[in-house]
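Everything on this sheet refers to the single structure shown next.
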Amino acid sequence: MTDSILSKAATMEIPINSNGDTRTAEDDSLEQDLQQVMVSGPNLNETSIVSGGYGGAAEGIIPTSSIKDIRSKSRGITPSHSAASRIANQPGHYPAPSMHHSNSNPMMSEEATRGVAVEKFDSVKKWSINTYKCTKQMFSERFGRGTKTVDLELDAQIDVLKETKLKYERILRLARELTNHFYNMVQTQQALGDTFADLSQKSPELQDEFGYNAETQRLLCKNGETLLGAINFFVSSINTLVNKTMEDTLMTIKMYENARLEFDAYRADLEELSVGPRDAAAMVRIEMAQQQYQIHKDKYERLRSDVTIKIKFLEENKVKVMHKQLLLFHNAISAYFAGNQQQLEQTLRQFNVKLKPPGSDKPSWLEEQ
């Protein structure tokens, strides 16, 4: 019985699908080829597909519309009723561009991306080499195995500048503390004067005594506000000198110190290559090291010149600014504690110090909303 079933299965040549339609082996092969083309190729209605691009022989170009016509015929459907024909016949339908046009922009984009990547790689490579050489030179100097380029005169000026900046920062900090304390004292004097004035009106038996003290506190408060204007001007000028002028020079000094380290690193590298073998490859490396050495030498000398000039101008500017500010501070403090209101106001006019009108620090009603 099993043999009869196998013999019947062997003689069956016409397969029957679920709908009862008969299909030949050629139809199955064509269906598989079409499925492979539709999966492998782009999903475009009018795109031309090169048959050799999917593993077959490159014998020509087969339009997809022809493939759909063949597929429709194999199922008993006329080309005019196929989906591609209905879409193509719709108004406003435009065929998709061919494949060789759509690939031009991606190729250009890929080349641009590759160029950017190569540029970034070269930049990182140069940075890594430079960092390695500078780190090696720094450790060699620290452990006493490497030589260091030293400019004794310039290094001494840099040390003096750094020490001077620390001292001026202390002056600035103390002057700000004085301003805060003195401001609180002036506010206390103003409140005390208002209280004396109020008691002068409510205490007839001590009206004169309270009145004298109220007037004195108001005068001290007015002179204190004038002195605060002078001290604030002093603090502002010292702050500009320390945190802008000196800081700018110190930034240039930092760049100079980094350039000195790079210069010594490439100098040591050139010296190391010079005592080695002199074959063709070594001569190429020596020539490249010589070029890098010259580049960093020029940079080091340029920044050294900049630092020398900036320190010179900074010293001149510091003397000029501090001469004016110290004279202002001395005259204002002396006039205030001597009770000489006229001399105090004259000092501020002499140094062009403008006082803010009362209430100018208070925000407007629009800002308070």
I'd like to know whether F234 forms a ring pair (Phe, Tyr, Trp, His ring centres under 6.0 Å) with F329, so could you lay out the CA-CA distance, the side-chain angles of the two residues, the decisive distance to 0.1 Å, and finally the verdict. CA-CA 7 Å; F234 176 81; F329 190 81; 4.8 Å; yes

Is there a side-chain contact (heavy atoms from CB on, under 4.5 Å) between R267 and T147? Walk through the geometry before answering. CA-CA 10 Å; R267 176 183 54 79; T147 58; 3.0 Å; yes

Mind running side-chain contact (heavy atoms from CB on, under 4.5 Å) on K162 and I158 for me, showing each step along the way? CA-CA 6 Å; K162 292 179 178 180; I158 291 174; 3.7 Å; yes

Candidate pair Y336 and F182, rule ring pair (Phe, Tyr, Trp, His ring centres under 6.0 Å), full reasoning: CA-CA 12 Å; Y336 172 80; F182 195 76; 5.2 Å; yes

Check the pair L273, E271 against side-chain contact (heavy atoms from CB on, under 4.5 Å), reporting the backbone distance first and the verdict last. CA-CA 5 Å; L273 291 174; E271 293 174 354; over 6 Å; no

CA sep, side-chain torsions, deciding dist, call: L172, N243, side-chain contact (heavy atoms from CB on, under 4.5 Å): CA-CA 10 Å; L172 180 61; N243 293 322; 4.1 Å; yes

Stepwise, does the side chain to side chain donor-acceptor pair (under 3.5 Å) test hold for Q341 with E345? CA-CA 6 Å; Q341 180 182 1; E345 293 176 353; 3.2 Å; yes

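More than 12 heavy atoms of other residues, nucleotides or ligands shown are found within 6.0 angstrom of CE on M185. Y183 OH: 12 or fewer foreign heavy atoms inside a 6.0 Å radius. Atom CD of E209 has more than 12 heavy atoms from other residues, nucleotides or ligands within 6.0 Å. For K222, the NZ atom is loosely surrounded, since the number of other residues' heavy atoms within 6.0 Å does not exceed 12.
Using a distance-only test at 3.5 Å, with no hydrogens or angles considered, no donor-acceptor pair links the side chain of S305 to the main chain of E301. Distance alone, capped at 3.5 Å, is enough to place a donor-acceptor pair between the T179 side chain and the A175 backbone. Counting only distance, with no hydrogens or angles, the side chain of N232 and the backbone of L228 share a donor-acceptor pair below 3.5 Å. Looking only at distances, no side-chain donor or acceptor of N340 sits under 3.5 Å from a matching main-chain atom of A335. Put simply, the side chain of R218 never gets that close to the backbone of N213: no donor and acceptor are under 3.5 Å apart. Put simply, the side chain of H323 never gets that close to the backbone of V319: no donor and acceptor are under 3.5 Å apart.
Between K202 and D198 a salt bridge is recorded (basic side-chain N to carboxylate O distance below 4.0 Å). K167 and E163 are joined by a salt bridge, as a carboxylate oxygen and a charged side-chain nitrogen come within less than 4.0 angstrom of each other.
The ring-ring contact (aromatic ring centres under 6.0 Å, His included) search around Y168 returns none, not counting sequence neighbours.
Between V186 and Q190 the shortest side-chain heavy-atom distance does not fall below 4.5 Å. Between T245 and K318, the closest side-chain pair of non-hydrogen atoms is not below 4.5 Å. L206 has its side chain out of reach of L199: every pair of non-hydrogen atoms, C-beta onward, lies at least 4.5 Å apart. E177 has its side chain within reach of L174: a pair of non-hydrogen atoms, C-beta onward, lies under 4.5 Å apart. Side-chain atoms of R260 and L303, non-hydrogen and from C-beta on, never get closer than 4.5 Å to each other. With contacts defined as side-chain heavy-atom distances shorter than 4.5 Å, the pair T347/T226 does not qualify. The closest side-chain heavy-atom distance from Q290 to L270 is below 4.5 Å. T164 is listed as a side-chain neighbour of M246, based on a closest heavy-atom distance under 4.5 Å.
Using bins of under 30°, 30° to 60° and over 60° for the plane-to-plane angle, the ring pair F210/F196 lands in the tilted bin.
Under the 6.0 Å cut-off for aromatic ring centres, F263 and Y256 do not qualify, their centroids lying 6.0 Å or more apart.
Side-chain N/O atoms of Q207 and S200 include no donor and acceptor closer than 3.5 Å.
Here CG of N239 is found 7.5 Å from NZ of K244. Values are rounded to the nearest 0.5 Å. With values rounded to the nearest 0.5 angstrom, I253 atom CD1 is found 12.0 Å from N258 atom CG.
Minimum heavy-atom separation, Q189 to C221: OE1-N, 3.8 Å.
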